[in-house]
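Data block below; observations after.
Note on naming: letters A, B, ... go to the chains in the order of the sequence lines (proteins, then strands), and numbering restarts at 1 for each one. Just so it is clear, the values below take in all heavy atoms, side chains as well, and ignore hydrogens, waters and symmetry mates.
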Number of protein chains: 2
Amino acid sequence: MEDLIRFLRQIPLLSELSEEQLTRIKEISIVRSYTKGTVIFNPSQKAEGFYILKKGKVKIYKSGRGKEQIIRIFSRPTFFGEAASFTGENFPAWAETIEDSEILFIPRMEFLELMKRDPEIGMRLLAVMAQRLIYLTGLIESLSLKDALSKVSSYILRNSKEVDNDEFKFSTNIAAMELGLTKETVSRMLSKLKSMGIIEKNGNLIRIKNKNALLELSE
Amino acid sequence: MEDLIRFLRQIPLLSELSEEQLTRIKEISIVRSYTKGTVIFNPSQKAEGFYILKKGKVKIYKSGRGKEQIIRIFSRPTFFGEAASFTGENFPAWAETIEDSEILFIPRMEFLELMKRDPEIGMRLLAVMAQRLIYLTGLIESLSLKDALSKVSSYILRNSKEVDNDEFKFSTNIAAMELGLTKETVSRMLSKLKSMGIIEKNGNLIRIKNKNALLELSE
DNA sequence: CGCGGCATTGAACTGGGTCAACATAAGTGG
DNA sequence: CCACTTATGTTGACCCAGTTCAATGCCGCG
């Protein structure tokens with residue numbers, strides 16, 4: 001179980017905590033395994049705490065009228081559900097695993113307590129929330145100001161940057177839900193980019209052949 | 001100048017501060033008047049501090065491809081530009097007055113200092129940022145999941161709630177930019193609602209005749 | 001009064017969605 | 001390892017909500 005403490009220390013928000021504080025978190029947190037496709041929380045639930053993704057992949061999304069819009073996908077250790085947990089209201093969105101995952105749950109009160117004791121955590125949390133606000137601003141821009149080709153182009157660039165490689169796995173389906181498009185449209189845009197000689201595709205792998213052109217198209 | 005201190009105390013974020021701290025803020029803050037249509041900051045600027053709206057109305061928006069998407073409109077005392085100011089990076093969006101306004105500027109460092117001295121401010125700020133995250137989540141939902149009629153319906157309800165009155169001023173233009181629609185589409189949806197007997201309109205005033213129907217249409 | 005900003009209405013256009021058929025990959029169990 | 005089933009991706013034909021363009025109306029104000 002030293003394991004868990006070592007893991008917690010990896011998370012920027014918690015990295016500065018003392019051995020003792022981390023042990024405390026370990027004690028109050030609940031670890032759960034979720035199989036792929038399990039709903040972690042939904043908008044009808046009041047937030048009683050927040051979550052830390054330990055392993056796996058989670059999508060945060062809104063749904064309505066039979067459609068769904070992904071707000072964010074988390075695939076590396078981080079926390080989520082923190083905004084609602086902080087206000088104590090209902091979660092504003094859905095959270096669902098898209099891979100088998102392990103997730104910690106931290107009760108709201110315990111965390112507030114912890115933060116009171118160590119204001120540094122609060123500052124860290126502020127920084128993270130500030131970044132998330134900026135991220136959402138970018139998402140709004142993309143959703144309402146860009147056309148399909150530009151969305152797909154910038155999405156490819158973003159993902160390539162994330163894995164720091166010009167070749168990487170790509171799911172048309174997930175891209176579509178993140179970008180507010182249909183899989184058909186994403187597929188068509190990929191074909192277009194392929195025919196323009198900007199990317200290559202084999203199987204579920206994509207490779208960028210002309211980064212500048214992509215940048216151009218991203219606007 | 002007691003005036004300014006009394007004003008600062010109205011703002012939830014700062015309301016708990018001591019006389020002395022407020023005086024300090026008063027000293028470090030810069031008050032400026034802006035005429036309608038003045039840009040306060042834009043995405044090419046690094047955030048050196050954040051702003052408090054004292055009087056007037058400000059829109060925060062993204063622009064690209066000749067279009068613009070309003071992210072938020074502030075019309076009552078509150079602060080803005082805080083996310084970027086916190087990370088110290090560029091502002092993610094534009095800010096522009098849509099009425100003659102008075103706005104305070106608080107340098108970044110001063111504020112960080114203040115927060116260090118009084119962690120309670122940090123907690124308040126967290127609460128506000130959490131709410132803003134939730135707000136943006138709602139905006140994303142509206143932009144990508146709702147159709148025009150539903151957007152306009154919920155917009156009308158929201159505004160009526162804000163002024164706590166069934167009759168209120170309404171700008172087709174601004175509504176359009178907030179909702180990610182064109183003024184023509186908004187106008188058409190209003191006509192539709194009028195013909196359904198759900199709202200009434202004369203001049204720039206709108207009146208809700210059937211709130212339940214509106215709620216229904218908002219989904 | 002006449003001008004400039006805002007709103008309305010109609011007609012035509014279009015980007016992306018929808019539907020359907022098919023292709024390819026990825027599990028799954030015998 | 002193969003056969004079968006279930007996800008995921010591709011392509012074409014058609015459709016439609018909302019945009020665009022253009023004309024016209026309305027009203028507040030110098």
Side-chain angles (χ1 to χ4, degrees), chain A residues 35-37 57 59 63-70 96-100 142-153 155-156 168-195 199-207 217 219, chain B residues 35-37 57 59 64-70 98-100 142-153 155-156 168-196 199-207 217 219:
Chain A
T35 58
K36 174 179 173 172
K57 212 173 207 175
K59 68 173 177 191
S63 70
R65 305 163 168 259
K67 292 190 291 185
E68 89 179 39
Q69 172 63 49
I70 292 184
E96 183 179 328
T97 53
I98 51 177
E99 282 180 10
D100 292 354
S142 161
L143 286 174
S144 54
L145 262 25
K146 291 183 174 177
D147 63 17
L149 186 58
S150 156
K151 284 181 184 180
V152 172
S153 300
Y155 184 82
I156 292 173
F168 52 95
K169 272 205 294 185
F170 188 95
S171 154
T172 308
N173 238 325
I174 291 182
M177 291 187 301
E178 286 202 72
L179 296 171
L181 299 170
T182 60
K183 58 181 167 46
E184 291 93 332
T185 301
V186 172
S187 180
R188 279 185 250 271
M189 295 304 125
L190 290 178
S191 304
K192 199 170 198 170
L193 290 173
K194 220 160 42 182
S195 75
I199 61 167
E200 242 168 22
K201 210 168 169 275
N202 41 340
N204 58 0
L205 282 186
I206 230 175
R207 200 169 66 75
L217 290 172
E219 182 114 309
Chain B
T35 58
K36 174 178 171 172
K57 211 173 207 175
K59 69 173 176 191
R65 304 163 168 261
K67 291 190 292 186
E68 89 179 38
Q69 171 64 50
I70 293 183
I98 51 177
E99 282 180 11
D100 293 353
S142 162
L143 285 174
S144 54
L145 262 24
K146 291 183 173 177
D147 63 18
L149 186 58
S150 156
K151 284 181 184 180
V152 172
S153 300
Y155 184 81
I156 292 173
F168 52 95
K169 272 205 293 185
F170 188 96
S171 153
T172 308
N173 238 323
I174 291 182
M177 290 188 300
E178 287 202 71
L179 296 172
L181 299 170
T182 60
K183 56 183 165 48
E184 291 93 334
T185 301
V186 173
S187 179
R188 281 186 249 271
M189 295 304 126
L190 290 179
S191 303
K192 198 170 198 171
L193 290 173
K194 220 160 42 182
S195 76
M196 290 162 93
I199 60 167
E200 243 168 23
K201 209 168 170 276
N202 41 341
N204 58 1
L205 282 185
I206 230 175
R207 201 170 66 74
L217 290 172
E219 180 120 312

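You'll find that the side chain of A:Ser191 is closest to D:dT11, out of D:dT11, D:dT20, C:dT9. Among the nucleotides C:dG16, D:dT10, D:dT19, the one closest to any side-chain atom of A:Thr172 is D:dT10. Of the candidate nucleotides C:dG17, C:dA7, D:dG18, C:dA7 has the atom nearest to the side chain of B:Ser171. For B:Glu184, taking side-chain heavy atoms from C-beta onward, the closest of the listed nucleotides D:dC21, D:dT11, C:dG16 is D:dC21. Among the nucleotides C:dC6, D:dT10, C:dA26, the one closest to any side-chain atom of A:Lys201 is D:dT10. Side-chain atoms of B:Thr182 lie closest to D:dT19 of the nucleotides C:dC6, D:dG12, D:dT19. When the nucleotides C:dT18, D:dG18, C:dT8 are ranked by their closest atom to the side chain of B:Leu190, C:dT8 comes out on top.
We find that NZ of B:Lys151 is positioned 12 Å from C1' of D:dT19, with the value rounded to whole Å. Atom-to-atom, CD of A:Glu99 to P of C:dG27 comes out at 11 Å; the value is rounded to the nearest Å. When the P atom of C:dG16 is taken as reference, atom CG of B:Asp147 falls 18 Å away, rounded to whole Å. In this entry the distance linking NZ of A:Lys194 with C1' of D:dG9 reads 10 Å, nearest Å. Between B:Leu143 atom CG and D:dG18 atom P there is a gap of 13 Å when expressed in whole angstrom units. Taking atom CG on A:Asn202 and atom C1' on C:dT24, their separation rounds to 13 Å, with Å as the unit. If you take CG of A:Leu205 and P of D:dT8, they are 17 Å apart, rounded to a whole angstrom. Between B:Ile174 atom CD1 and C:dC6 atom C1' there is a gap of 11 Å when expressed in whole angstrom units.
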Test log, rule side chain to side chain contact (heavy atoms under 4.5 Å, CB included), inputs A:Ile206 and A:Glu200: CA-CA 6 Å; A:Ile206 230 175; A:Glu200 242 168 22; over 6 Å; no
So A:Leu193 and A:Leu149, side chain to side chain contact (heavy atoms under 4.5 Å, CB included) or not? Walk me through it. CA-CA 8 Å; A:Leu193 290 173; A:Leu149 186 58; 3.9 Å; yes
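Within the 4.0 angstrom heavy-atom criterion, only backbone atoms of the sugar-phosphate kind lie near A:Gly180; the bases stay farther away. Across all strands shown, B:Lys67 has no heavy atoms under 4.0 Å from either base or sugar-phosphate atoms.
With respect to the salt-bridge test (charged N to carboxylate O, under 4.0 angstrom), the residues B:Glu219 and B:Lys146 do not qualify.
For NZ of A:Lys36, the number of neighbouring non-hydrogen atoms (other residues, nucleotides, ligands) closer than 6.0 Å is 12 at most.
The base of D:dG9 is not paired with the side chain of A:Arg188 by any donor and acceptor separated by under 3.5 Å.
For the pair B:Asn204 and D:dC27, the criterion of a side-chain N or O lying under 4.0 Å from OP1 or OP2 is not met. Side-chain N/O atoms of B:Ser187 include none lying less than 4.0 angstrom from OP1 or OP2 on C:dA7.
With respect to B:Lys57, the side chain to side chain contact (heavy atoms under 4.5 Å, CB included) criterion is satisfied by exactly one of B:Ile174, B:Ile98, B:Asp100: B:Ile98.
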